[in-house]
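Shown next, in structure tokens, is the structure this report addresses.
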Amino acid sequence: MPTWSCVKQCGACCHLDPAERPGLEEYLLPEELALYLSMVGEGGWCINFDHTTRECRIYAHRPRFCRVEAEVFQDMYGVEPADLNDFAIDCCWEHIEALYGDCSLEMLRFEREIWRE
């Protein structure tokens with residue numbers, strides 16, 4: 001069974017283009033929505049995403065909506081903690097495929113990571 005894990009230097013979740021994330025106002029509080037929109041930069045990428053290192057510049061202090069944690073996902077999306085693993089895997093697959101493609105290095109790295117034992 002696959003186990004979700006964040007793959008360093010992927011950045012798919014850092015592509016914040018609101019046009020590709022419908023319903024933001026349904027799961028973000030008004031102040032979170034304002035923060036989210038203020039973080040959208042050129043090409044829909046988060047202004048805190050370093051394209052050279054492909055890492056978040058504020059990772060330790062990133063907002064709640066950037067965290068893959070059971071409590072956050074239950075509160076924001078109604079995802080039960082027992083379902084977080086499958087939900088996170090599906091989200092990553094969707095974002096990575098849409099942004100980089102289903103045969104991309106990012107997708108291959110993600111699939112290798114989640115199938116690790």
Side-chain angles (χ1 to χ4, degrees):
M1 176 170 191
T3 302
W4 180 84
S5 181
C6 182
V7 177
K8 284 185 151 280
Q9 299 172 316
C10 169
C13 60
C14 300
H15 194 256
L16 303 178
D17 188 347
E20 297 173 11
R21 299 192 181 212
L24 288 170
E25 63 283 342
E26 293 173 21
Y27 56 87
L28 294 178
L29 299 171
E31 58 272 11
E32 289 176 321
L33 179 59
L35 175 59
Y36 182 98
L37 295 174
S38 76
M39 291 170 59
V40 179
E42 188 176 329
W45 287 96
C46 178
I47 59 173
N48 299 299
F49 181 66
D50 184 322
H51 290 275
T52 304
T53 64
R54 297 183 70 172
E55 293 181 346
C56 177
R57 292 183 189 104
I58 62 163
Y59 188 82
H61 305 287
R62 67 197 185 281
R64 177 179 87 118
F65 54 79
C66 293
R67 297 174 183 270
V68 180
E69 299 171 354
E71 172 182 302
V72 172
F73 273 57
Q74 186 170 27
D75 183 48
M76 288 179 61
Y77 311 112
V79 175
E80 292 298 322
D83 298 326
L84 177 60
N85 183 67
D86 292 340
F87 186 85
I89 287 172
D90 289 344
C91 286
C92 286
W93 254 321
E94 184 178 307
H95 282 82
I96 293 169
E97 182 177 26
L99 195 56
Y100 301 120
D102 61 349
C103 294
S104 64
L105 178 59
E106 291 82 3
M107 183 64 82
L108 295 172
R109 289 176 58 228
F110 177 66
E111 288 178 349
R112 183 175 59 221
E113 184 65 33
I114 65 172
W115 287 102
R116 228 179 229 194
E117 290 190 30

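Worth knowing before you read on, the calculation uses all heavy atoms, side chains too, and leaves out hydrogens, waters and symmetry mates.
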Verify the cluster assignment for L105 and W115: are they in a single hydrophobic cluster under the rule of side-chain heavy atoms below 4.5 Å apart?
no
Atom CD in E69, atom CG in D75: separation rounded to 0.5 Å?
11.5 Å
Is any side-chain heavy atom of C10 closer than 4.5 Å to a side-chain heavy atom of Y100?
yes
Rounding to 0.5 Å, atoms CD (E113) and SG (C92) come to a distance of 11.0 Å
Would F65 end up clustered with L24 when hydrophobic side chains under 4.5 Å apart are linked, directly or stepwise?
yes
Can a salt bridge be assigned to the pair R109 and E106 using a cut-off of 4.0 Å between side-chain N and carboxylate O?
no
If you measure from OG on S5 to CZ on R112, what distance do you get to the nearest 0.5 Å?
11.5 Å
Under the salt bridge (Lys or Arg N to Asp or Glu O under 4.0 Å) test, residues paired with E111 that sit two or more places apart:
none
Measure up the F73 and Y77 rings against each other and bin them: parallel (under 30°), tilted (30 to 60°), perpendicular (over 60°).
perpendicular
Heavy-atom neighbours of E71 CD exceed 12 at 6.0 Å
no
Show me the donor-acceptor pairs within less than 3.5 Å that the side chains of residues 28-44 make with the rest of the protein, sequence neighbours left out.
{"from": "E32", "atom 1": "OE1", "to": "L29", "atom 2": "N", "distance (Å)": "2.9"}
{"from": "E32", "atom 1": "OE1", "to": "R64", "atom 2": "NH2", "distance (Å)": "3.1"}
{"from": "E32", "atom 1": "OE2", "to": "R64", "atom 2": "NE", "distance (Å)": "2.6"}
{"from": "E32", "atom 1": "OE2", "to": "R64", "atom 2": "NH2", "distance (Å)": "3.2"}
{"from": "Y36", "atom 1": "OH", "to": "L16", "atom 2": "O", "distance (Å)": "2.8"}
{"from": "S38", "atom 1": "OG", "to": "L35", "atom 2": "O", "distance (Å)": "2.7"}

Donor-acceptor contact below 3.5 Å, side chain R116 vs main chain T3
no
